Every structure is written in structure tokens, then in C-alpha cells.
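Notes follow the structure.
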Amino acid sequence: MIASLQRIRLIAANTFLEAVRQKFFSALLLISVGLIFSASFFQQFDFGTNELKFIIDFGFGAIFFFGSILAIAVMAQLFFNEIDSRTALTLLSKPVHRSEFLIGKFVGTQFLLLIFVFVLSLVLVAILFWRESILLSRFGNEARLDALLHYYDIFIFAGVQWVRFCVIGAFTLLICSFAKTYVYTLVTSLFVLIVCQLQYIAHEMYAQMDIGPVRLLVQLVSWTFPNFQLFNVGDQLVLVGSSSLSNAAIIHIIGYGCIYVITYIFLAYNNFRRREI
Amino acid sequence: MFSLCNSCPIVSKIRTVIIVTALLICTAFLSQPLETRVWQEVDSQQWRGTIKVVEDTLGQGLTVGILGGFRAILADLAWLQLSTVWANEDRVKLSAMIRLVTTLDPRPEFFWINAARMVAYDVPAWRIRKSGGYNALSDIQKSAIDEEQASQAFEILKRGINFHPNTARLPMEIGQIYMNRLQNDALAAKWFYEASKFPDAPEFVVRIYAELLRRQGKLVEAYKYLTQIYPSLINASDYQQSLVLERIQMLEIDLNIMKENRFQATY
């Protein structure tokens, strides 16, 4: 057991180093940080949203959008690098179980995403703090009511987003386990991401449908994909005026994500163990 | 026979798909209690596009925005596009754009109020002009256009009230459309009264409500309302206090109230 964990740790560390060295990661991180920094500039296009709300919306948008791209692209790229360069073959010929290989890849990639999410949250907090200080000094107590934010909850939201990226990474791994090419994995994973984002619509649709094969199909879609709208709790967590989210709800969201991560990794292993490399 | 089926690649693939689907459905059942519990707390508070919204936005390249955040900036850019549509007096596209903007980001009151104003005040003018001008249409035709457009504006504002139930600005806007566009003092009064109940109601709402009652000939009601409201204006501006008092005195004259029975200001 300890030896297995040790092997997973080594694969994860190697995956992480490989991922960090990729130009794609650095470029995406820089773009995201730049975008959050430029939120104040984009605010010139704003028509009536509170400035801080606007920056939060922008920051959360950047975290989700670029994080999702990174979760899919890095996972797929690192997996197919190993397969194409035949290093997976060498690795798996040693006493490394295929499940350890998959878990190691997953953990290494998710560690990279954790850093990505943390850096972006830190930048967002810095920008918000800076703008809030300016607003408070400009408007004094008048601005206080609108401007106060739960800074600590930005990191909780970032954590919730990271759980979402774990689910995205896990289903990308599942697709990698049977896909033949990198491009196929990338495109399919993006489609799955869109389906997960809009899964709640399937919920609404089948509730209004008559019993029949179409309803069964829609119901099947809503059952087989996780509901990613559950992770969109930024406003509730961070803005003072919004109704707050209970700790129990946050734990439930994390639990919900974990169930899907475990299932997807198990399915990925089930496919990968029979795959010829 | 059985081993033959097992070695057949199609059977093997179908079996894999069935196993995967079955396991995912089991996972859904396992996670459903968690989802239901969180959805109750999250659903009412967050933005969610309906299937209609997704359809509306697909053609406009905004799906990425819906899926990936950036709602505020995309709604703002869509509003800029809406302004162009408004300048071109394209009322069909205007309605679609209003729906898009308010759905993308329902949080700013600005969108609801200004969209309703465009629909209630500007669109009737375009329609009348396109039909030959003010002199070419009868009063009945003109008021039919006004009523049709006003009802569309009310629909926008009532949708906005669902997102902003604690502000006076949206009910006040409905009242203003009834008052200025439809000249319906009774319904305007109803909405100004609704607006006056909110803490953020501007000072003039109280006076307009009383004035609308007066215009309907409900002098006693207007007088009662103002005399009841006056003591609560202790923290209002001097201007507001003196104006309300002036209105009370004018109503006393109109109602022929004896001097000894007249309202005594306490401050």
C-alpha cells in the first residue's frame, strides 16, 4: 500500500513538473492574470453594476474559463505524450499498476490546477482590495455598505472551482482511456463540459415532458452527467448583500464532486486496463 | 456461443457502453440527495439561462460567455449593440436584444429601467412615424399603439421586479409609464403607492401619489394620506417638509376645512 502510494506520488510529481514546464500553462496563467488585472479597464463598459461586483464577475469568469481549458488540455496532452512517446510502455512494464499510472497523472494535473486557481484568486483579492480601498477613501461611509466583501470566501469559492476542475480532469481522463488521438479527447471533453454546464436544462425539460422514449433519453442525459451549475456559488459566497451559503452546502458540493471524480477514475481504469499500448 | 459473443468486438463495445452508463446512473442516484439539498439553496440565488436563452444566444456567439462567466462584460457589450439597434429604430431586434441583455445579466436595474423606457416611449413614436405621422393616425389608433407598447414595458419591468423585489425604482417606473404615457392616474397612483413603501423611494414619490389622488378627485384621501405621512418626514429635507405642508394647506382650502380643524405641523 505504502509502496503504491509512493509510486503514485512519483508519477504525480513527474506529471506536475512536466505540466509546469509547458508553455501552454505559463501562457494561460499570464493571460488569466492579465485579464483580471484589466478588469478595471473593462469597467469603462459597465452600465450600472457595482464596480466590485463587476471585477468579481470578471475574475470568476477568468478562473472558470481558463481553468476548464487548462484542466482538459493539460490532462489530455500529458496523457497522450506518455502514450505517443512510448514512455507509458516503459513505465507500465515496471511494477507500476495501470491504476497507479492514471491516479498519478490525475493528481499531478490537479496539483497544477490548484496552483493556477490559487494564483488567480490571490490576484483577484489584491485587485479587489485595492479598488475597495480607493472606493472607501473616495466615498467614505457611503460606499461601505456596497463595497464590503467576504475576502476569505473568495478562496472557498476557488476551492469549489478546483473541485469542479477535478471532475473535468477526471472525465477527460476517462475519455483519454479509450480515445486514440489528442484532438478527439480535446473536442469530446469540451462537449462534455458544455453538457455538464447545461445539465440542469435536461432536468427542467424532462419534468415538463410526457412519458415516452424522448423523455427517457433526456432523463438519461441528466443522470449520466453532473450538474455544474451547483458550483456557481460565487455571488452567494462573496457578496455581502447576497444570501449566504451554509457550510453544509459547501461540504455537499465538494462531496458531490468527489463522487463523480471517483466514478470517472474508476471507469477510466476499467477502460485503460484492457487497452493495448 | 457465449465465448464467441465475448470475443466479438461490437458485443464487447456495447457491453462496455452499457456498463459505463449503468455505473454513471448509479452514481447519479448516489449523488442525487446531495444535489437536491444544494440545489434548493443555490438555485433560487444564481443566474440560470433557460433553454430559450441558450437558443437566443447561440447565434450571437455569446454561448462562451454564458458557459464561462464574464456575464457582466458580455451584457454590457450586448447593451452597446442594443443602442445601435435602438438608433436604427429596429423594434423587432430591440425586443430580442432587451431579452438577451436582461437575461445575461439581470443584476443592474439600469438595464430594466432603460429598456422599459425605450419600449414605452420611443417605440410608439417610431411606429406612429412609420404609419404616416401623428396627423395620419386617429387618437384611438395612437392610444392602441401606446397601450401595446406600455404593456410590453410593464412585462419587462415586472420581470425585473422578480430580480429586484426590494427597490422602489422599478414599481415607480411602471407608475411613471401609466402617468405619462397612458394618462391612467388610478393605476399610476397604485404603483406610486407601492413604490412609496420601499426605504429607497425618492421623496417626490409621496407627493406624486397625493397629487394623483387629487387629480382623480379623491381630495379627502389625498389629504388624509399627506397628514398621516407628514409626521414621518421628520428626517426628510426641509424642502420636502415645506412642500408637503404646502400641499396639505392647499387641500385644506379645496376641502373648505375650518381654520380650527386644520393640520398643525409639529416641527
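Throughout, a chain's letter reflects where its sequence line sits, starting with A, and its residues are numbered from 1. Just so it is clear, the values below take in all heavy atoms, side chains as well, and ignore hydrogens, waters and symmetry mates. Just so it is clear, the model here is predicted, and its values are computed rather than measured.
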- Query: What part of A:Leu267 gets closer than 4.5 Å to chain B, counting heavy atoms only: side chain, backbone, both or neither?
  - Reply: side chain
- N/O donor-acceptor pair under 3.5 Å between A:Gln229 side chain and A:Gln199 backbone: no
- Measure A:Phe178 against the heavy atoms of chain B and call it side chain, backbone, both or neither at under 4.5 Å. neither
- Query: Hey, are B:Arg181 and B:Gln176 close enough side-chain-wise for a donor-acceptor pair under 3.5 Å?
  - Reply: no
- Any donor-acceptor pair under 3.5 Å linking the side chain of B:Gln240 with the backbone of B:Leu233? no
- Item | Segment of A:Leu174 engaging chain B (4.5 angstrom heavy-atom cut-off) | neither
- Would A:Phe225 and A:Phe171 count as a close aromatic pair, with their ring centres under 6.0 Å? no
- Query: Are the aromatic ring centres of A:Phe272 and A:Tyr269 under 6.0 angstrom apart?
  - Reply: no
- Query: For A:Tyr264, is it the side chain, the backbone, both or neither that has a heavy atom under 4.5 Å from a heavy atom of chain B?
  - Reply: side chain
- Toward chain A, the part of B:Thr16 with a non-hydrogen atom under 4.5 Å: side chain
- Query: Less than 6.0 Å separating the ring centroids of A:Phe60 and A:Phe64?
  - Reply: no
- Item | Segment of A:Leu220 engaging chain B (4.5 angstrom heavy-atom cut-off) | side chain
- Message: Heavy-atom pairs under 4.5 Å with chain B - which of A:Ser68, A:Ser246, A:Pro226 has more of them than the others?
- Response: A:Ser246
- For the candidates B:Leu30, B:Leu34, B:Asn114, which exhibits the highest count of non-hydrogen atom pairs separated by less than 4.5 Å from chain A? B:Leu34
